[in-house]
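Fair warning: this is a prediction, and the values are worked out from it, not measured in the lab. Per chain, numbering begins at 1; letters A, B, ... match sequence-line order.
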2 protein chains.
Amino acid sequence: MKPTLWDLKLNTNTQENNYILSAYFQGVTNYKQMKKYINPKREIWNEICRRPFSDLSEIRKNVDKVLEDIKLHGDDKLKYYSKLFDNYEGENIEVSDSEIEESEFQIADDLKKAIRTAHDNISKFHEMQIIPDKTIETMPGVICTLKNIPVQKVGLYVPGGTAPLLSTVLMLAIPAKIAGCEEIVMCTPPNKEGKIHPAILFSAKISGIAKIYKVGGSQAIAAMAYGTETIPKVYKIFGPGNKYVTTAKMIVSTQNIAIDMPAGPSEVLVVADDTANTEFVAADLLSQAEHDTDSQVILICNSEKLVDEILKKTDAQLEKLPRKEIAKTALSNSKAIIFDNPKDSYNFVNEYAPEHLIISVENPEKYSEKIKNTGSIFLGNYTPESAGDYASGTNHTLPTGAYAKSYSGVSLSSFIKTVTLQKITKKGLQEIGKTIELMAEAEFLQGHKNAVSVRLKDL
Amino acid sequence: MKPTLWDLKLNTNTQENNYILSAYFQGVTNYKQMKKYINPKREIWNEICRRPFSDLSEIRKNVDKVLEDIKLHGDDKLKYYSKLFDNYEGENIEVSDSEIEESEFQIADDLKKAIRTAHDNISKFHEMQIIPDKTIETMPGVICTLKNIPVQKVGLYVPGGTAPLLSTVLMLAIPAKIAGCEEIVMCTPPNKEGKIHPAILFSAKISGIAKIYKVGGSQAIAAMAYGTETIPKVYKIFGPGNKYVTTAKMIVSTQNIAIDMPAGPSEVLVVADDTANTEFVAADLLSQAEHDTDSQVILICNSEKLVDEILKKTDAQLEKLPRKEIAKTALSNSKAIIFDNPKDSYNFVNEYAPEHLIISVENPEKYSEKIKNTGSIFLGNYTPESAGDYASGTNHTLPTGAYAKSYSGVSLSSFIKTVTLQKITKKGLQEIGKTIELMAEAEFLQGHKNAVSVRLKDL
């Protein structure tokens with residue numbers, strides 16, 4: 001019998017899991033090497049930059065129904081959809097304290113140590129981002145403050161699917177705790193026995209997350225957006241997910257709930273010249289391509305010879321990957337571009353706006369100064385993307401699909417709001433009053449002017 | 001003949017304009033005083049917190065059509081809609097340099113001085129917000145940086161309608177310039193002769209904005225989102241607007257364009273005790289109520305006597321306002337609440353999450369420490385909301401409709417993205433490599449692990 005993804009869910013034996021994965025994905029695609037472009041003209045950059053398109057409009061109707069049902073019927077419909085989509089028939093939605101405690105004894109010591117190391121690094125990088133409140137007296141007696149206040153209630157979504165994303169737990173929980181959010185809720189889909197992978201629970205435990213719910217998919221987003229009898233309503237929802245999760249997040253984001261960012265398939269762009277190690281570049285391309293069939297990989301080189309060498313090594317490494325069928329599909333949608341001129345190269349990067357950018361050129365720092373639009377940059381031959389995915393300390397929740405032109409990745413500030421305060425003294429109002437009156441008058445807002453005039457009269 | 005709002009557009013005579021406004025809005029509503037609640041139970045807080053509802057679904061079809069048309073046909077359709085909606089039949093969409101230059105001679109000296117003072121204060125407050133890039137070595141040889149990069153291309157929308165919002169020009173243009181955005185585009189609707197109010201042009205001029213277009217409404221949002229032959233495409237769109245503008249912003253925000261925040265009708269919440277000056281509070285309530293018929297005003301006091309006194313003064317001041325008919329409609333939708341217990345009072349404020357919060361109680365600073373959800377706070381008897389609307393230095397673009405639970409107002413950071421960088425040395429990779437390998441393996445991502453393994457082998 002062909003194995004199913006359920007077989008992966010609680011299995012901590014890596015070799016066995018690799019077998020399951022390769023058997024599961026076998027025969028997904030006809031492999032084509034990445035498409036090559038040599039000095040493409042600017043007119044076709046838009047076309048090269050286009051991501052694999054997914055039409056979410058069909059999904060939308062189904063997701064709307066799930067959201068509406070859970071908004072109206074709470075836990076009842078939540079359990080109904082857990083059964084329908086996750087095969088979980090249990091009554092118990094909340095992870096118990098003992099389940100969280102026991103996770104510590106269900107995973108290997110070296111993995112626990114690794115998670116702790118990653119936790120330390122991510123904590124350091126996000127603690128560094130703490131900003132003090134700032135105050136300035138803009139005019140004598142006019143005192144203005146920018147104050148940082150944590151978002152009171154946040155929801156973290158950790159996907160299930162083909163991988164137990166323990167790293168996502170760390171990337172969302174650590175900044176939420178550092179920010180000081182009062183209520184942190186986490187949802188993640190269980191297997192059909194109602195279990196969550198112990199590495200996920202352990203990561204949540206050491207991050208200080210206590211409210212964990214066994215719910216996945218669009219139903220989890222609905223529960224956190226509207227609240228149910230069991231799951232508290234939150235103000236902002238974070239985390240990656242499949243098309244259903246993404247669609248649900250987009251819908252609730254127009255209904256008074258904030259989301260971290262619009263999410264899409266993951267992507268990497270690697271810029272390489274003759275100083276790059278082609279074996280490393282090939283491994284980096286594959287580390288992105290194995291994510292999902294709609295992931296995208298872009299390679300930019302300054303010679304066709306270099307591209308060919310990298311693609312050759314990519315093909316060789318590909319055969320050894322358990323997820324090679326996924327990677328093949330992703331690579332078939334991917335592109336290799338040769339630019340003679342470095343200026344074209346970084347202009348193209350800024351136009352593509354990749355989620356991840358690996359710069360393996362002679363002076364990577366200098367090249368990086370030209371980059372305006374990307375989520376995270378990996379400098380030099382010894383900085384693989386997977387370092388940032390897991391443990392360097394930077395956040396791996398990053399803008400995809402060219403959203404890096406206007407969005408930042410998740411950082412401490414994603415969990416913090418700034419509120420302004422002002423205090424004006426009597427003297428201050430005498431200084432600034434006339435200015436306000438004149439501007440209000442120019443905008444035909446006599447009431448605005450009057451709020452100053454009644455006070456000035458009183459002084 | 002009943003005057004139209006067009007009569008306001010270029011008129012700089014305040015008295016005449018006030019006459020036009022009061023004639024225009026006459027007989028809009030049957031006035032009811034604000035509804036009183038005495039110690040309302042928590043169960044009905046949700047109902048009290050509900051904002052006047054507007055159904056945007058009908059509008060949506062029309063806006064979709066405008067967006068689609070301009071996406072496909074650019075300037076042609078832009079001019080078509082300018083004629084249809086703004087009565088402007090001219091061919092000229094771009095404001096010329098000479099129009100910008102001349103604005104200086106078309107407004108009074110004292111207004112120019114006021115705009116300059118506001119410009120100074122807003123600049124000081126937003127310059128204070130500049131954050132340096134930060135770097136940390138999370139482990140020996142693992143160097144991570146958080147870098148601030150301005151959004152390359154931004155669009156600022158300045159509404160027309162019943163008031164020439166010169167203050168909005170300052171509030172958006174100043175932080176965009178301080179952030180260092182490379183391309184700043186401004187759109188604002190002209191009058192039927194194709195003129196923009198000189199106070200708007202002067203404010204843009206002293207803020208360093210050179211690309212100004214005579215386009216308003218959803219067609220302006222479309223032009224900035226997709227680009228036309230004349231108007232450049234931008235990555236993020238800022239600014240308030242009517243229902244059409246708001247709907248257009250919401251639609252393009254799902255199409256790879258970022259927006260500042262979801263916008264709704266303006267609102268203020270005033271907390272007052274016996275130390276408050278009732279004349280001032282009444283003026284503050286009215287300064288908000290005059291904005292628009294769907295604005296909302298909430299008053300929280302610790303005694304019914306105080307509420308009654310404030311409402312009496314509100315009624316008296318109301319009669320003198322040119323926009324009294326607007327204010328009456330807004331007040332009819334507004335609420336006065338008596339809470340005996342200060343804890344109920346600030347808990348209610350956090351639940352309502354007002355755009356503006358005026359705290360006129362004995363120790364306003366102490367009260368403000370309990371506040372988690374609001375856009376901007378005004379402390380004490382001599383800090384009217386209109387100070388922040390125009391000139392104290394804080395930004396007046398703030399989250400409405402309870403979005404203050406998860407959104408911040410516009411600040412310098414709204415124009416800046418953070419990008420992370422990491423550089424790992426050979427020694428650093430030896431330190432962190434095993435951690436990455438173990439975590440990648442736990443997530444069944446062999447390719448991610450391999451990107452580290454090929455490098456470790458090489459060391």
Top contributor to chain B interface from Lys236(A), Gln317(A), Gln129(A), Met250(A) [non-hydrogen pairs under 4.5 Å]:
Gln129(A)
Could you check whether any side-chain heavy atom of Thr435(A) comes within less than 4.5 Å of a side-chain heavy atom of Asn121(B), counting everything from C-beta outward?
no
Using heavy-atom distances under 4.5 Å, tell me whether Thr145(B) contacts chain A through its side chain, its backbone, both, or neither.
backbone
Between Ser368(A) and chain B, with a heavy-atom cut-off of 4.5 Å, which part of the residue counts as in contact: side chain, backbone, both or neither?
both
Which bit of Pro364(B) is near chain A, if near means a heavy-atom gap under 4.5 Å: side chain, backbone, both or neither?
side chain
Closest heavy-atom pair and its distance - Ala451(B), Ser287(A):
CB-CB, 4.3 Å
Options Thr425(A), Asn381(A), Val154(A), ranked by heavy-atom pairs under 4.5 Å with chain B, top entry
Asn381(A)
Bottom line for Ser453(B): the part with an atom under 4.5 Å from chain A's heavy atoms is neither
Answer with side chain, backbone, both or neither: which region of Ser413(A) has an atom nearer than 4.5 Å to a non-hydrogen atom of chain B?
neither
Taking every heavy-atom pair that is under 4.5 Å apart, which of Gly380(B), Pro262(B), Ala387(B) has the most such pairs with chain A?
Ala387(B)
Toward chain B, the part of Pro399(A) with a non-hydrogen atom under 4.5 Å
neither
Value for CD1 (Ile259(B)) from OG (Ser406(A)), rounded to nearest 0.5 Å, stands at 10.5 Å
Where is the tightest heavy-atom contact between Thr383(B) and Ile424(A), given as atom of each residue plus distance?
OG1-N, 2.9 Å
In this structure, CD1 of Ile122(A) is separated from SG of Cys144(B) (nearest 0.5 Å) by 10.0 Å
Heavy-atom pairs under 4.5 Å with chain A: which of Leu459(B), Thr394(B), Asn256(B), Leu318(B) has the most?
Asn256(B)
In terms of heavy-atom proximity below 4.5 Å to chain A, should Ile136(B) be classed as side chain, backbone, both, or neither?
both
Any chance you could lay out the side chain to side chain contact (heavy atoms under 4.5 Å, CB included) test for Thr420(A) and Asn395(B), step after step, and finish with the verdict?
CA-CA 8 Å; Thr420(A) 53; Asn395(B) 207 293; 5.9 Å; no
Donor-acceptor pair, side chain of Gln152(A) and main chain of Lys405(B), under 3.5 angstrom
no
At a heavy-atom separation under 4.5 Å, does Ala404(A) approach chain B through its side chain, its backbone, both, or neither?
backbone
Note: vs chain A, highest number of non-hydrogen pairs under 4.5 angstrom among Asp120(B), Val142(B), Leu146(B) is Leu146(B)
Heavy atoms of Ser392(A) and Thr138(B) approach each other most closely as O-OG1, 2.7 Å
Chain A contacts, top residue of Lys449(B), Lys124(B), Glu182(B), Met261(B) (heavy-atom pairs, under 4.5 Å):
Lys124(B)
Any sub-3.5 Å donor-acceptor pair from Gln446(A)'s side-chain atoms to Pro322(B)'s backbone N or O?
no
Using non-hydrogen atoms only, which part of Ile359(B) is less than 4.5 Å away from chain A: side chain, backbone, both, or neither?
neither
Tell me which of these, Asn373(A), Asn277(A), Ile131(A), Val452(A), has more heavy-atom pairs under 4.5 Å with chain B than the rest.
Asn373(A)
Whatever's closer than 4.5 Å to a heavy atom in chain A on Ile371(B) counts as backbone
Residues passing the side-chain contact (heavy atoms from CB on, under 4.5 Å) test with Ala199(B), sequence neighbours excluded, are Ile107(B), Leu111(B), Leu166(B), His197(B)
Select, from Arg116(B), Met439(B), Lys434(B), the one with the greatest count of heavy-atom pairs under 4.5 Å involving chain A.
Met439(B)
Top contributor to chain A interface from Leu286(B), Leu165(B), Thr254(B) [non-hydrogen pairs under 4.5 Å]:
Leu165(B)
Basic-acidic side-chain contact under 4.0 Å: Lys423(B), Glu365(A):
yes
Please flag which part of Asp389(A) lies under 4.5 Å from any non-hydrogen atom of chain B: side chain, backbone, both or neither.
side chain
Heavy-atom distance under 4.5 Å between the side chains of Val419(B) and Ile377(A), does that happen here?
yes
Considering all heavy atoms of both residues, which atom of Tyr403(A) and which atom of Ile257(B) are nearest to each other, and what is their separation?
CE2-N, 4.3 Å
Do the side chain of Glu279(B) and the main chain of Val454(A) share a donor and acceptor less than 3.5 angstrom apart?
no
Looking only at Gly141(A), Gly375(A), Pro384(A), Ala283(A), most heavy-atom pairs under 4.5 Å shared with chain B are made by Pro384(A)
With only heavy atoms counted, which part of Gln255(A) is less than 4.5 Å from chain B, the side chain, the backbone, both or neither?
backbone
If I compare all heavy atoms of Tyr382(A) with all of Asp458(B), which pair ends up nearest, and what's the gap?
OH-OD2, 2.9 Å
At a heavy-atom separation under 4.5 Å, does Lys147(B) approach chain A through its side chain, its backbone, both, or neither?
side chain
One option among Lys426(A), Glu437(A), Glu385(A) has the most heavy-atom pairs under 4.5 Å with chain B, and it is Lys426(A)
Between NZ of Lys153(B) and NZ of Lys372(A), what distance do you get to the nearest 0.5 Å?
11.0 Å
Can you tell which part of Ile251(A) gets under 4.5 Å to a heavy atom of chain B, answering side chain, backbone, both or neither?
neither
Please classify the contact of Ile143(A) with chain B as side chain, backbone, both or neither, using a heavy-atom distance under 4.5 Å.
neither
Applying side chain to side chain contact (heavy atoms under 4.5 Å, CB included), run through Thr135(A) and Met128(B) and close with a yes or a no.
CA-CA 8 Å; Thr135(A) 294; Met128(B) 171 191 82; 5.7 Å; no
Heavy-atom cut-off 4.5 Å, strictly under: side chain, backbone, both or neither for Ile200(B) against chain A?
neither
Looking only at heavy atoms, what is the nearest atom pair of Gly388(B) and Gln422(A), with distance?
CA-OE1, 3.6 Å
List the steps, then state whether side chain to side chain contact (heavy atoms under 4.5 Å, CB included) holds for Arg455(B) with Asp284(A).
CA-CA 11 Å; Arg455(B) 286 168 164 97; Asp284(A) 289 337; 2.7 Å; yes
Please determine whether the number of non-hydrogen atoms from other residues, nucleotides or ligands lying under 6.0 Å from atom NZ of Lys134(B) exceeds 12.
yes
